[in-house]
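Presented below is the structure to which this report refers.
Keep in mind it's a predicted model, so treat the numbers as computed, not measured.
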Amino acid sequence: DVKVTQSSRYLVKRTGEKVFLECVQDMDHENMFWYRQDPGLGLRLIYFSYDVKMKEKGDIPEGYSVSREKKERFSLILESASTNQTSMYLCASSLAHYSNQPQHFGDGTRLSIL
Amino acid sequence: GENVEQHPSTLSVQEGDSAVIKCTYSDSASNYFPWYKQELGKGPQLIIDIRSNVGEKKDQRIAVTLNKTAKHFSLHITETQPEDSAVYFCAPKTSYDKVIFGPGTSLSVIP
């Protein structure tokens, strides 16, 4: 079974801090994704990557950046955290571009910015 | 842009009854149609999927039906159990490989 592991289940940070959310997958998937999930807004795509050192903006990239130095690891970075970035963050991976395969999700990081 | 809708947004059924959730999408060239289940405190997990060359697929109590002409696909759960209570998302994949998640349907199965 594919396992997607997010480094923290809960995280509390202060406004203005630089925040790193880490995600690791163990199935050699090419694609990795970061979403945020908010009540009433569903899942919104922040950034995604189809390959090492490659990244593409999703629907809501403002205030975020990502890093993919190794195939199995995809990091989401909040450059200067703000209270409106308090949310549930979900990482996912899938096999490859245009493969018509499902996404596999981690259990999420609930981030609170105070 | 692409649009994905789910109906109903909330659904409450008695244990043992059937539940049906419908997903409509706008991209007529979409070719992959999964359903995900999200339990409290967990990430979404795939429960069933269907590809565009198939009209129906069944896995025990769960089935998915696809109507490409009308641009909708539906999740059917028979003999519902309390552990089926969760939020369900459809996530059709567009012709240019983008996944659009629906807004979710909250299913409650009453014992």
Side-chain angles (χ1 to χ4, degrees), chain A residues 1-10 21 23-25 27 29-51 54 56-60 74 76 87-110, chain B residues 1-10 21 23-25 27 29-54 57 59 62 64 66 68 73 75 86-106:
Chain A
D1 268 359
V2 177
K3 189 157 179 66
V4 177
T5 303
Q6 296 185 229
S7 54
S8 306
R9 290 300 305 272
Y10 301 94
L21 302 184
C23 175
V24 176
Q25 50 95 2
M27 282 300 289
H29 282 176
E30 291 185 4
N31 305 337
M32 295 190 76
F33 309 84
W34 274 107
Y35 295 88
R36 64 178 282 177
Q37 186 174 29
D38 301 286
L41 297 176
L43 277 80
R44 294 182 291 167
L45 182 64
I46 305 171
Y47 267 97
F48 60 99
S49 168
Y50 290 144
D51 202 353
M54 177 270 180
E56 292 282 349
K57 292 180 180 179
D59 299 317
I60 52 162
F74 193 35
L76 179 69
S87 185
M88 169 69 87
Y89 289 87
L90 290 163
C91 174
S93 71
S94 68
L95 184 62
H97 207 24
Y98 287 104
S99 65
N100 282 349
Q101 294 294 320
Q103 294 188 9
H104 299 262
F105 285 85
D107 283 337
T109 295
R110 187 165 291 284
Chain B
E2 310 88 5
N3 190 39
V4 176
E5 297 181 358
Q6 286 182 231
H7 294 281
S9 56
T10 61
I21 304 170
C23 179
T24 60
Y25 58 93
D27 183 354
S30 293
N31 53 17
Y32 177 62
F33 308 93
W35 282 97
Y36 293 84
K37 175 184 181 182
Q38 186 175 25
E39 297 175 339
L40 207 58
K42 295 189 175 182
Q45 301 296 317
L46 176 78
I47 54 170
I48 197 165
D49 59 5
I50 195 168
R51 289 167 177 82
S52 58
N53 58 341
V54 177
K57 182 178 176 182
D59 182 6
I62 294 172
V64 55
L66 173 64
K68 283 212 77 179
F73 62 113
L75 175 68
V87 178
Y88 292 83
F89 295 95
C90 63
K93 201 171 196 187
T94 69
S95 51
Y96 48 94
D97 206 41
K98 183 175 181 181
V99 173
I100 310 290
F101 279 85
T105 296
S106 179

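Of the two parts of K93(B), only the side chain, counted from C-beta on, holds a non-hydrogen atom closer than 4.5 Å to a non-hydrogen atom of chain A. Using a 4.5 Å cut-off between heavy atoms, Y50(A) contacts chain B through its side chain alone, with no backbone atom that close. Residue contact with chain B, scored on non-hydrogen atoms closer than 4.5 Å, involves the side chain of Y35(A) exclusively.
When all heavy atoms are compared, the tightest approach of F89(B) to Q37(A) is CZ-NE2, 3.5 Å. Summarising the geometry of L90(A) relative to P44(B), their closest heavy-atom pair is CD1-CD, 4.0 Å, with the distance given to 0.1 Å.
If you take CG on D107(A) and CD on Q38(B), they are separated by 9.5 Å, rounding to the nearest 0.5 Å.
Scored by the side-chain contact (heavy atoms from CB on, under 4.5 Å) test, D49(B) finds P102(A), Y32(B), P34(B), L46(B), R51(B), K57(B) as partners (sequence neighbours excluded). Every residue two or more places apart in sequence or in another chain was checked for a salt bridge (charged side-chain N to carboxylate O under 4.0 Å, His left out) with K68(B), and none qualifies.
Residues K98(B) and D59(A) have side chains in contact (heavy-atom distance under 4.5 Å, counting atoms from C-beta outward). Using a 4.5 Å heavy-atom cutoff, the side chains of R44(A) and F101(B) are not in contact.
Listed for the R110(A) side chain is no donor-acceptor partner under 3.5 Å among the backbone atoms of G41(B).
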